[in-house]
> 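Can you keep this structure in mind? I'll have questions shortly.
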Amino acid sequence: MVKIASWNVNSVRARLPNVLAWTRDTAPDVLLLQELKCEADAFPALEFEELGYNLAVVGQKTYNGVAILSKSAIEIDHRKLPGGDGDDQARYVEGFTSGVRVASIYLPNGNPISDAGQRTDKFAYKLAWLERLYRHVRDLLATEDAFVLGGDFNVIPEPIDVHDPEGWDKDALYHVDSRAAFRKLMFLGLTDAFRARHGHAQRYTWWDYRSGAWAKDQGARIDHLLLSPQAADQLAACDIDRRPRGLDKASDHTPIWCELGDR
DNA sequence: ATGGTAGCCTCGCTA
């Protein structure tokens with residue numbers, strides 16, 4: 001059995017006590033982190049190594065940043081998503097560890113979608129990134145290996161995945177084009193681990209810091225664990241752990257995890 | 001139509 005968790009921590013240094021405590025308490029075999037907001041040299045490596053983790057960090061100053069932490073050795077395959085000529089944003093790291101291929105993904109937010117009637121570069125970048133991910137996943141599926149894509153996809157897949165779908169039509173997280181690109185990716189044959197285990201439950205992974213969204217439980221499900229068919233065959237459990245979102249100095253996201261093993 | 005909060009390290013950007 002291997003337990004894989006994903007968490008957008010919104011600055012690993014600002015969040016260090018919270019992230020260390022959760023990691024110690026829940027002891028995932030593999031932990032995928034996003035929004036580190038620091039360069040690799042500034043990542044608090046010793047603190048995680050003391051908990052028994054190996055690290056693969058792709059960092060960047062101030063923005064973005066992703067990592068794979070694993071209790072087993074990590075063979076890194078990609079430090080950026082293929083096909084991004086000149087794209088140097090730290091949003092993707094992929095490797096093989098604990099008998100499974102994993103990727104830690106921080107997909108572009110894409111807001112605002114338009115400016116003075118024109119589609120923005122930010123939204124175009126998001127849609128292009130989703131298309132690049134589609135092409136790469138198509139290649140990964142051809143290997144017929146078990147793999148798990150985990151991270152902040154910045155896509156609300158369905159109306160049930162947000163508190164107020166009507167209010168989100170013009171947001172890049174729920175825009176019809178974002179959702180279509182995400183569906184195209186899923187239709188390659190990926191399994192949304194949360195949906196596979198929880199049917200039509202309405203549960204969120206992110207709550208805006210603003211307007212008391214957490215207190216009112218006005219959130220969205222944008223952090224996902226997407227499984228290849230060979231990984232989905234092994235899916236034993238998946239859940240969202242709301243507890244960290246309610247702590248002092250919380251990230252605006254909370255962790256999602258799954259367990260793969262013989263059933 | 002706007003602003004609401006958080007992090008980073010600038011007087012604004014990203015989310």
Side-chain angles (χ1 to χ4, degrees), chain A residues 6-20 22 32-44 47 57-67 80-81 84 87-92 104-130 150-157 161-164 166-175 177-179 181-182 204-224 242-256:
Chain A
S6 176
W7 193 2
N8 177 325
V9 294
N10 185 24
S11 171
V12 70
R13 291 179 293 179
R15 213 68 58 212
L16 191 57
N18 285 7
V19 177
L20 286 173
W22 187 84
L32 310 172
L33 299 179
Q34 300 88 34
E35 268 207 280
L36 307 177
K37 292 190 171 181
C38 66
E39 296 182 305
D41 289 348
F43 187 93
E47 288 87 341
V57 178
V58 174
Q60 177 183 338
K61 194 172 183 177
T62 308
Y63 303 118
N64 309 319
V66 289
K80 50 181 56 180
L81 182 63
D87 181 5
D88 55 2
Q89 297 192 26
R91 297 184 176 277
Y92 191 89
S104 182
I105 293 175
Y106 180 46
L107 212 134
N109 177 295
N111 278 311
I113 59 172
S114 66
D115 180 36
Q118 296 276 12
R119 180 160 289 197
T120 63
D121 290 346
K122 287 185 177 184
F123 192 43
Y125 174 60
K126 175 182 195 153
L127 296 177
W129 214 94
L130 275 160
D152 176 2
F153 286 76
N154 269 316
V155 176
I156 298 164
D161 295 313
V162 64
H163 68 95
D164 172 28
E166 297 80 11
W168 284 77
D169 278 346
K170 294 183 171 51
D171 193 289
L173 277 62
Y174 189 66
H175 189 275
D177 291 349
S178 303
R179 293 172 58 204
F182 187 78
Y204 308 133
T205 63
W206 168 83
W207 296 259
D208 202 316
Y209 284 123
R210 297 168 288 192
S211 312
W214 166 249
K216 293 183 280 192
D217 195 25
Q218 295 179 343
R221 193 174 71 92
I222 57 177
D223 300 85
H224 307 297
R242 288 169 55 100
R243 292 174 300 175
R245 184 62 180 83
L247 301 177
D248 283 344
K249 296 287 288 179
S251 169
D252 45 353
H253 297 250
T254 212
I256 180 170

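Just so it is clear, the values below take in all heavy atoms, side chains as well, and ignore hydrogens, waters and symmetry mates. Throughout, protein chains are lettered first and strands after them, A, B, ... in sequence-line order, and every chain is numbered starting at 1.
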> Tell me, for nucleotides 5-15 of chain B in 5' to 3' order, what letter each nucleotide earns: B for a base near a protein heavy atom under 4.0 Å, S for only sugar-phosphate near one, - for neither?
BSSSS---BSB
> What is the ring orientation for His163(A) with Tyr204(A), classed by angle as parallel under 30°, tilted 30 to 60°, or perpendicular over 60°?
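Aromatic pair His163(A)/Tyr204(A) classed perpendicular.
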> I'd like the C1' distance from dG4(B) over to dA15(B), given in whole Å.
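It comes out at 13 Å once rounded to the nearest Å.
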> Rounded to whole angstrom, note down the C1' distance from dT10(B) over to dT14(B).
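It comes out at 13 Å once rounded to the nearest Å.
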> Determine the interatomic distance between P on dT5(B) and the same-named atom on dC9(B); round to the nearest Å.
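Comparing P positions in dT5(B) and dC9(B) gives a spacing of 22 Å.
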> Does the ring pair (Phe, Tyr, Trp, His ring centres under 6.0 Å) test come out yes or no for His175(A) and Phe182(A), once each step is laid out?
CA-CA 11 Å; His175(A) 189 275; Phe182(A) 187 78; over 10 Å; no
> How far does the P atom of dC13(B) sit from the matching atom of dG3(B), given to the nearest Å?
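Comparing P positions in dC13(B) and dG3(B) gives a spacing of 15 Å.
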> Could you check whether any side-chain N or O of Lys126(A) sits under 3.5 Å from a backbone N or O of Ala172(A), counting only pairs where one atom can act as donor and the other as acceptor?
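Looks like yes, one N/O pair under 3.5 Å.
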> Please give the distance between the P atoms of dA6(B) and dT2(B) as a whole number of Å.
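One P to the other, the span is 23 Å.
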> For Ile105(A) and Gln34(A), work out which heavy atoms get closest and say how close.
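Nearest heavy atoms, Ile105(A) then Gln34(A): O-CG, 3.2 Å.
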> Is a side-chain N or O of Ser251(A) found less than 3.5 angstrom from the main chain of Asn8(A), in a donor-acceptor match?
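Answer holds: yes.
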> Kindly say whether Ala67(A) contributes a backbone atom to a donor-acceptor pair with the side chain of Ser104(A) at under 3.5 angstrom?
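Present.
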